[in-house]
Each structure stands twice: as C-alpha cells, then as structure tokens.
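Every chain is numbered from 1 and lettered A, B, ... according to where its sequence line falls, protein lines coming before strand lines.
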There are 4 protein chains.
Amino acid sequence: MGRKSIREQRRKEILEALYRCLLRKPYSETSIKDIGMEAGINHAMLHYYFRSKEDILLCFIDSISERYSALFRHDLKKIERKDLTRREILKHVFHFMNTHITTDKKLQTIFVEIWGIAIYKPAVHARVKKMYSEWIRELAGFMKPSNGAAADIDSLAMAVVAFQEGVGLFSVSFDLKKKDTMALMEAFQEKILEMLE
Amino acid sequence: MGRKSIREQRRKEILEALYRCLLRKPYSETSIKDIGMEAGINHAMLHYYFRSKEDILLCFIDSISERYSALFRHDLKKIERKDLTRREILKHVFHFMNTHITTDKKLQTIFVEIWGIAIYKPAVHARVKKMYSEWIRELAGFMKPSNGAAADIDSLAMAVVAFQEGVGLFSVSFDLKKKDTMALMEAFQEKILEMLE
Amino acid sequence: MGRKSIREQRRKEILEALYRCLLRKPYSETSIKDIGMEAGINHAMLHYYFRSKEDILLCFIDSISERYSALFRHDLKKIERKDLTRREILKHVFHFMNTHITTDKKLQTIFVEIWGIAIYKPAVHARVKKMYSEWIRELAGFMKPSNGAAADIDSLAMAVVAFQEGVGLFSVSFDLKKKDTMALMEAFQEKILEMLE
Amino acid sequence: MGRKSIREQRRKEILEALYRCLLRKPYSETSIKDIGMEAGINHAMLHYYFRSKEDILLCFIDSISERYSALFRHDLKKIERKDLTRREILKHVFHFMNTHITTDKKLQTIFVEIWGIAIYKPAVHARVKKMYSEWIRELAGFMKPSNGAAADIDSLAMAVVAFQEGVGLFSVSFDLKKKDTMALMEAFQEKILEMLE
DNA sequence: CATGAATGAGTTTTCATTCAT
DNA sequence: GATGAATGAAAACTCATTCAT
C-alpha cells in the first residue's frame, strides 16, 4: 500500500507531463516526444504505456474528471452534517465551482483547448460530453427542490454550467483578475438562487 | 466599382474555402493544399495572396468579424426610426445575437476551434480579443441608460457575451436543438433586462 | 512526342529504382528513402508521385506486366506472316517464355518476392493473380486446336505456367545455369506438345 | 524419455506459434512480441530460447523439414513389405507429396513466404536449399531404375519437385480446389511415370 | 526461469514553404 | 499570375534487443 506499480506511476507522470505541455502548446503541436521529454521518459515508452497519442489525451481527460469529482465529494463532506438549507448548500457548490474550476486559469486554458479538439475527434467529444453531463446532472440534483420536481431545472443547471464555461473562456482570453471573475459569477449565481425560490 | 480586383476576389474565395474546411477538420489538420483545393486555386498561390498559413487564419477572423459587424449595422437600420425604448432595443439586439450568432452551429463550431488556437497564438489571440471587446463594448453601449453611466454595465455586458459563448459551446457539443438554445438564452436575457430596470 | 511529362518520367524512374532495390533487399526492408536514394529523388517526392509505398509496388507490378505483354506482342509479329502450324507457334511461345521470363534470374528473383507479398496483401494479390490469369488465358489460346475446344486445355495451360514458375523459383534458389534451366523446360514442353497431338 | 526438457518443450511451442503467426502475417510484420503472445510466453524469453528472430525462423524451417521427413519415413513403412514395383512405389511417393505437402494450403502459404525470405537471407537460403535438395535426392532415389543409373534422372526429379512447388504456389494464389490441384499433379506425374519406362 | 521496463534506430507519411518555368 | 516540382523537418508509431529484478 502506498507503493504504486511502476506502470501506474509512469502513466500518471505522463498525464501530468501532458498537463504541463498543454499549458505551453496546443495538443496538435505537442509531440509524443515533447510529452516524453517533459515526463523524463523515452518517447517510445509512451506507446508502451498508452495505445496512442489520442489515448493519452483520453486518459488525461478522465484523470481530470476523476480528480475534480473526488475533490468535490471531499468538499461536500465538510458540510454534510451541518443541516443546511438548499440555498446554503447551493452557495457552497457554486463556491466550489468558482474557486476550484472556473477561476483556475491553467485548468481553463487546457479545457478551452480540449473543447476545440472535441469538435473533431468523436472519442474526445464523448469523454468531454460525459464529463459535462455528469456535472450538469449533479448540479441539477442540488438545485431541485426536495418536495417536487421542476422540469426546467435541468435547463437551468445547463445554463449555469454554460455560463461558468463562458466565463472561464473569457477569464483566460481577457486575462481577467480572479476577483473580477468571481464577482461576475457570484452576481449571476445570486440571480439563479432567487429564481429557485 | 462593382468589379473587385482579382486579388480581392481570390482572397475572399480562399477565406471562404477555409470556412468550409474548418467545418470538417481542425485548423492544424487543414493543409494549405486542402484550402487550395477547396477554393479551386493552386496551393502555391495561397502564398502569393497571403503571407503564411497563419495569415490566412488572421484574415479569416477579420472577415468574420467584419461580416457580422456589417450584418448587425444593417439589422439596426430596421429599427432606427421606430423610436423604441431601451428595453425594446436591447431585446432586438439580443435577438440578433441569438439568431445570427449563437444558434448558428457552423459559426459556433468554427469559433470553438478559433478560441482554442487563440490561447497559444498571440496574433490570433489579439484578433479574437479585439473582436469580442468590440462586441462587448457595443453591447454595453445599448445597455447603458441614457441619463447616467453605470460602472458595472461593462461587466454585465461581458457576462452576457460570456453566457452566449458558453451556450454556443454547449449547443455544438450537446447538439442542442435551436429552439432549446433560444429558450435558454431568452430566459437569461429576460433576467438581464430586469436587472437593468 | 518523345518528350514525356516530368511526372511520367519521374514515376518511371522510381519504378526502375524499386526494381534495382528489390534485387538487393526484400520489399519490407526497402524503405521509401532507399527507393528515393536509388532514384536520386528526395524521398518526400515519392509520396508526391505515388499514393503510398504499396501504390509504388502495385504500379511496379503493372509496369512489369505491361512491359512483358508488349514484348510478347512484339515477338509474335516476327512470326505472324509465316503461316506456321500450331506446334510451331507453340514452340515459339514457349521459347519466348523460357528466354525472356523464366531464365531471367533478376526477374524471377523479384517475382519470388512479389509472390510472397501477394499472400498477405490483397491488392498485390489481385494484381499478381490478374497478371498470371492473363498469361494462362493467352497461352491456352495458343494451345487450343482450331477445330474444336478441349475443356482441359485451361488446366494444361495452368500446369505449364505453374511449372515455369516452379522452375524459375528453383533456378534462382539453386542458382541453376541458364542452359540447364532451358533443358529442364524444353523436355517438359516437348511432352506437352505431344499431349496436344 | 517421454518427458522432454522444458527447454525443448518451450522451443517447440515457440516454433508452433510462429507457424500460426505466419498464417496471418508475413514474417517481417510478425514481431517477437506477436510470436510470444501466440505462444503464451513472455517475449523476452524468446531471446533466451533462441539467439534472435532469424534464429527462430531457421529452427522453424528445420522443424518443418524434420516433421515431413519423419512423416514420409513413417508413410514408407506401410509399403515396405509389400514388394511393389518401382512404378507402384513412385505412385505411392507422389501420392504422399500430393496429399501431405502440395495440397496443404497452410503449409504452402508458409512456404511461399519462406521462399521469399530465402532470396535475401543467406542463412535462410541455405536451410531451404538443403531441404529441397534432400527432397529431390530422395525422390531421385525412387526414380532410378535398380539396374543402371540414368544421368538425367536428377534433373527429372528436380523438375517434378519444381512442378509441385509451382502448383503449390498457384493453388494458394488461385485458391484452387484440392480436387483440381490433385488432378493437375496426377496427370503430370502419369507422364513422368511413362517417361521412366 | 520469468518479466516488465527501457532504448535507439528505423519506418511511412505529411506539410509549409520556396522556386523555376 | 499560375503551376508543378522540390525540400527538409517533423510527426506518430514499431521493434529487436537488452537488462534489472
């Protein structure tokens, strides 16, 4: 325990190397050799640990998806005993999204790139779609009132996530200050909370 | 007049060919030869009409920017004599954005791609940023009350455009129906209008 | 007339370079670069003139096929006015096969190689099969008696060609002297002629 | 006795794995890993049991050669007491060749491949040549009249084997029916028998 | 004996760009 | 203006072989 197999360790190192590479260059200009160099691993090994360059990207998306999923579940634990109102819980969820996802410029940079790739590569598209679907579904779960179901909550949840992504895009492109990005989102989220009452 | 120089005509054809190419393949996988073939022009000529492959992309972004700018100005003419309230004008502006930009899947597809390129290529980034800045500024102009200035109107305008882009992204990725995309945006825009009152 | 287009000239040079390469190394160990060097042409150009490495091989087979077909038709002209008996004509045909094909060690070397490739590559297989089918059909034409048709002439023709190929194989592998190879075939062919009477 | 050393057992398994691999892919496209996987043995072990990839092929040829040699000797035992004429014995020998070798499509497939390799690899060439020499010599032994020696019997034996190989080649390439292949050979062999009388 | 990891050289293929005609 | 030809660099991927454990 604690000692990971070399295989898993290397795979992880490669995925982290891809992360750092994507901060500098687009995926299409990032060669297998680049990733290998960044990871300090002979480039031929990347084909030993992964099926193909695309496979690396796919696993990378999964790893990101899992990382944030775990982070979110962990974050929820902090409030699970507190007996909060739906409004309070949602504020907490929004805050998580704002601080850990949308204002993380590195993450946003990489996701703008991945969205671009997803348009043309079906496998990537599937992964990305799945990831966002889960996010939207989860968010909708927190937004739904305990008593009855509201049909348009799903659309609302999608709107919220779409907005987050739009803001993430702009925060990267316009190099917005974290404070401003937060303000932008919080104002919008406040409106959403009102709509749910 | 009316007879464009052959140079301008050819340049336009090349730009339109790039548009069609980008519907099929990412920019990085679109070769100069592909664009040439699509345009029916020998690929060596593309370097005669443009400095480089990137120059084509840059001019392409400008052309899109100008096209929609012109389209918008033309659209405004329809209502310029009608003596509408700010609310009515804004609704009109939103409607233009919704129908001509955000729900145009081809356009959105290409812009998701361009956003991705813009992260890493400064020249592309500058063009894209300029284009969105103008859009935001223009929109803010319509949102500002005639009497006084509201400092946070600029943020609000950016929020609106960010939301549009987020929705555009999702409409492409989730292949949303035009009707649903419209509904998503109109609900949000209604809130914005309320906030301005 | 006489001035071939560069394209055709280059394609021919490349095919001839492949011929020389195949005398030294198997196709699988002959790289595009090797062929390019042998032809004195930058290796990237080979992909300009041909679709792929396999395409070069396919065209090569066709070129061989056409060359010998033309050579054979030309050879037949020598005897077309002479009003020979079927036996005499067949002897002439056999002689052509013996001297121009089966005892040409370079050609046989290359064809042993090509037979090997044909087993696994359907496109190559199709070309080779077509070539031999035509050869067998043509030969059967000369073997058929003018008055009536003999059903098993086709099998006999195939047997003759199979024998030629077997002898070609052995002449390469055992490095047989031309004289011996000829003797082997002529004895066999004599029997065939007897069978036809 | 009966219990083969593990080394010999593993070597045999590897050789059999190569046989199955060669039914699917040419030797040049068959990797050491492929053979290992097919044999259920770690690929690094193949270098423990054999010197190199080529060594495996060489041993494979030997194993085939020995297998058929043993099979043939075993087959001859069936008739050794029967006091047959030379003609009858030869018919038996031909029948063995026809049924066990030339119409065994898998075997022929592999041998077409091996012929191809033999042209360029001296070590392989030596093995193949040795194998066929033995076959021809053995066959010549059966063809020679007991009273005197006929100088050209050796050529005749080679012609017979060459014909078999030619037919084997064609039966694979033209996917001939076993029945037709048999008929082709038997007609030819009948002529040979006549020539020997 | 057995295994997974590692390496370096090699493969086919693509492409932006340039140039002679 | 227009074209086909040419180039050199780079890409993803494969593999026989070796080695540490």
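Residues R11(A) and E16(A) are not paired through a salt bridge, judged by the lack of any N-O separation under 4.0 Å between the basic side chain and the carboxylate. At a threshold of 4.0 Å, the pair K25(C)-E113(C) does not count as salt-bridged, since none of the basic side-chain nitrogens sits closer than that to a carboxylate oxygen. Taking the charged nitrogens against the carboxylate oxygens, R24(D) and E38(D) do have a contact shorter than 4.0 Å, which makes a salt bridge.
Taking the side chain of H43(D) as heavy atoms from C-beta on, and the options dG8(E), dG4(E), dG1(F), the nearest nucleotide is dG4(E). When distances are taken from the side chain of Y48(C) to each of dG8(E), dG4(E), dA5(F), the shortest belongs to dA5(F). Closest approach to the S31(C) side chain among dC13(F), dA5(E), dT11(E) is made by dT11(E) (side chain taken as heavy atoms from C-beta onward).
Residues of residues 53-61 of chain C having a heavy atom closer than 4.0 Å to DNA chain F: none are found. Within residues 17-30 of chain A, no residue places a heavy atom under 4.0 Å from DNA chain E.
Listed by chain and residue number, Y27(D), I32(D) satisfy the side-chain contact (heavy atoms from CB on, under 4.5 Å) test with K53(D) (two or more places apart in sequence, or in another chain). Not counting sequence neighbours, the partners of E13(A) by the side-chain contact (heavy atoms from CB on, under 4.5 Å) test are Q9(A), R10(A), I41(A).
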Under 3.5 Å, N/O pairs linking protein and nucleotides 19-21 of chain E:
none

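The residue R51(A) sits apart from the nucleic acid: no heavy atom pair falls under 4.0 Å. Within the nucleic acid shown, Y49(B) comes within 4.0 Å of sugar-phosphate atoms alone, with no base atom in reach, counting heavy atoms only.
Phosphate proximity of dA5(E) to N42(A): absent, as no side-chain N or O sits under 4.0 Å from OP1 or OP2. Residue R7(C) has a polar side-chain atom (N or O) positioned under 4.0 Å from OP1 or OP2 of dA5(F). Side-chain N/O atoms of R10(A) include one lying less than 4.0 angstrom from OP1 or OP2 on dA6(E). The side chain of H47(A) contributes no N or O atom lying less than 4.0 Å from OP1 or OP2 of dT14(F).
Rounding to whole angstrom units, CD1 of residue I14(A) and C1' of dA6(E) are separated by 12 Å. Atom-to-atom, CG of D34(A) to P of dA11(F) comes out at 6 Å; the value is rounded to the nearest Å.
Summary of the strand contacts: K33(D) and G40(B) both lie near DNA chain F, and taking for each the nucleotide with the nearest heavy atom, the more 5' one is attributed to G40(B). Projected onto DNA chain E by closest heavy-atom contact, S52(C) and I32(B) fall at different nucleotides, the more 5' of which corresponds to S52(C).
Secondary-structure annotation of DNA chain F gives the stems E:2-21 with F:2-21, with a stem taken as at least 3 successive Watson-Crick or G-U pairs whose two distances both fall under 3.5 Å.
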